[in-house]
**Q** 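First the structure, then my questions, so here it is.
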Protein chains: 2
Amino acid sequence: MPAPDRTSLEEIIAAGRTVVESAGLDGLTMQAVADRVGVRAPSLYKRVRNRGALVALVAEATVRDLAARLDSAAPSDGDARRGLVGLARELRAFAHECPVAFGLVFAPGGGGVSQGVLAAASAPVLRVATALVGESDALPAARTITAWANGFVTMELAGAFRLGGDVDRAFEYGVERLAEALANSVNEH
Amino acid sequence: MPAPDRTSLEEIIAAGRTVVESAGLDGLTMQAVADRVGVRAPSLYKRVRNRGALVALVAEATVRDLAARLDSAAPSDGDARRGLVGLARELRAFAHECPVAFGLVFAPGGGGVSQGVLAAASAPVLRVATALVGESDALPAARTITAWANGFVTMELAGAFRLGGDVDRAFEYGVERLAEALANSVNEH
DNA sequence: ACCTGAACACCGTTCAAGT
DNA sequence: ACCTGAACACCGTTCAAGT
């Protein structure tokens, strides 16, 4: 006698994302997710290998959303420098919307986001970087941008910038400096 | 009848740092630390409030060490641009030596490093930033440097750069661009 | 005054038994 | 073929009792 499905993998992941934002990473328990989905904890193991896999799935879904957001934030035409600023602001806004899940992506051991999804999120950045510095330096340029943006937001969310000064201004200062440095680097060798 | 101390807070923190690097954050259990220190798990609560506090102490000790390393890596005299490159390389080398503890510092929720220690680690960066861009922009400049360096190393340790390309080159490219951007920003307004 | 064994709550995970 | 209750291992934490 078949038993009807009372939930789905997508529902579980969505529940995981909600739970993790409201209760933190430690609050992301199998029971909390099961409760939210209307099922008993052992049932989750029919769709997810274990808690670690669930955490990875939450991180992956978050990166997938980020990729879509970045993609629509950077039109392929238009000024490359403005494109860079737009991407950076979009990343920051996204991180503020789901700070816990965002912090999970590059967390020590917790990550495990698949190569493909990470590449998708990098694509818009790589596009802007190519427009700014050309093909040959596009990869290191994209990594410079990504590293700065991720680092800034991570530190901001961790409260590392609470010691005074205008954080918004520091962010704008950073993108501006970065955009200029990359744009100018083309004229050298 | 007094009972002789069989361990100390310093020993516990040192054990925590060793355990976390070899067993990961999940492996940093009260039992593992107690075993390494030669005591039973409940005894740890005489010196540490709970596991979260121990994690925070490990992070704090790590930042304290980093501060010392950065301080000796950046002589206050000499070329500011070379100083910046030296600081960045030192941070990266340090992170590679204790990747798990380093990743803990700005981890979501796990951090909790005290303001003073964080300020001490920032001081050398602030010094170089001041030399590069002057007093008025020193803080945002320092934050730009720190964000980039932290972000780069974090992504590197998380394996986000495994998709090809020369990571060392990307690092050197990043510092170079950053140093130039900051140095040149003085001539504008 | 610190250390210990015993105990409890909570969580991840497995599995036999239901439908 | 998924769902459940029961069960187990493991971990964090408390506490009364030792020395």
**Q** To the nearest 0.5 Å, what is the distance between CG on B:L9 and NZ on B:K46?
**A**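 Atom-to-atom, B:L9:CG and B:K46:NZ are 14.5 Å apart.
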**Q** For the atom pair CD (A:E90) and CZ (A:R69), what is the distance rounded to the nearest 0.5 Å?
**A**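 It comes to 4.5 Å.
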**Q** Among residues two or more places apart or on two chains, list those pairs meeting ring-ring contact (aromatic ring centres under 6.0 Å, His included) that have a residue in residues 133-158 of chain B.
**A** B:W148-B:F152, B:W148-B:F171, B:F152-B:F161, B:F152-B:F171
**Q** Whether A:E21 and A:R17 form a salt bridge (side-chain N of Lys/Arg under 4.0 Å from carboxylate O of Asp/Glu) is what I want to check.
**A** no
**Q** Going through the distances and angles, do A:L28 and A:R51 end up as a side chain to side chain contact (heavy atoms under 4.5 Å, CB included)?
**A** CA-CA 9 Å; A:L28 182 62; A:R51 183 179 179 271; 4.2 Å; yes
**Q** Tell me the interatomic distance from B:E11, atom CD, to C:dC2, atom P, rounded to whole angstroms.
**A** 15 Å
**Q** Let's test your reading of the pairing rules: Watson-Crick or G-U wobble, both distances under 3.5 Å, then write DNA chain D as a dot-bracket string with ( ), [ ], | and dots.
**A** ||.|||||...|||||.||
**Q** Assign B:T7 to base, sugar-phosphate, or nothing according to its heavy-atom contacts below 4.0 angstrom with the strands shown.
**A**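 If one applies the 4.0 Å heavy-atom cut-off, B:T7 turns out to touch the sugar-phosphate alone, with no base involved.
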**Q** How many Å lie between CZ on B:R40 and P on D:dT19, as a whole number?
**A** 15 Å
**Q** Where the side chain of B:K46 is defined as all heavy atoms beyond and including C-beta, which of D:dC2, C:dC2, D:dT13 is the nearest nucleotide?
**A** C:dC2
**Q** Roughly how far, to the nearest 0.5 Å, is the OG1 atom of B:T144 from the CG atom of A:L178?
**A**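 One finds 8.0 Å between CG of A:L178 and OG1 of B:T144.
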**Q** The side chain of A:R47 lies closest to which of these nucleotides: C:dT4, D:dC3, C:dC2?
**A**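 Looking only at heavy atoms from C-beta outward on A:R47, the closest nucleotide is D:dC3.
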**Q** Check nucleotides 9-12 of chain D for protein N or O atoms closer than 3.5 Å to its own N or O atoms and list the pairs.
**A**
| from | atom 1 | to | atom 2 | distance (Å) |
| --- | --- | --- | --- | --- |
| D:dG12 | OP1 | B:R51 | NE | 3.3 |
| D:dG12 | OP2 | B:M30 | N | 2.9 |

**Q** Heavy-atom distance under 4.5 Å between the side chains of B:R143 and B:L139, does that happen here?
**A**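 Counting from C-beta outward, B:R143 and B:L139 do come under 4.5 Å.
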**Q** Taking only side-chain N and O atoms of B:S43, does any of them lie within less than 4.0 angstrom of OP1 or OP2 on C:dT4?
**A**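 Yes, within the criterion.
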**Q** Taking the side chain as everything from C-beta on, heavy atoms only, tell me whether B:V33 gets closer than 4.5 Å to B:T29.
**A**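 They are not in side-chain contact.
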**Q** Among D:dG5, C:dC3, C:dG5, which nucleotide has an atom closest to any side-chain atom of B:P42?
**A**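 Taking heavy atoms from C-beta onward, the closest nucleotide is C:dG5.
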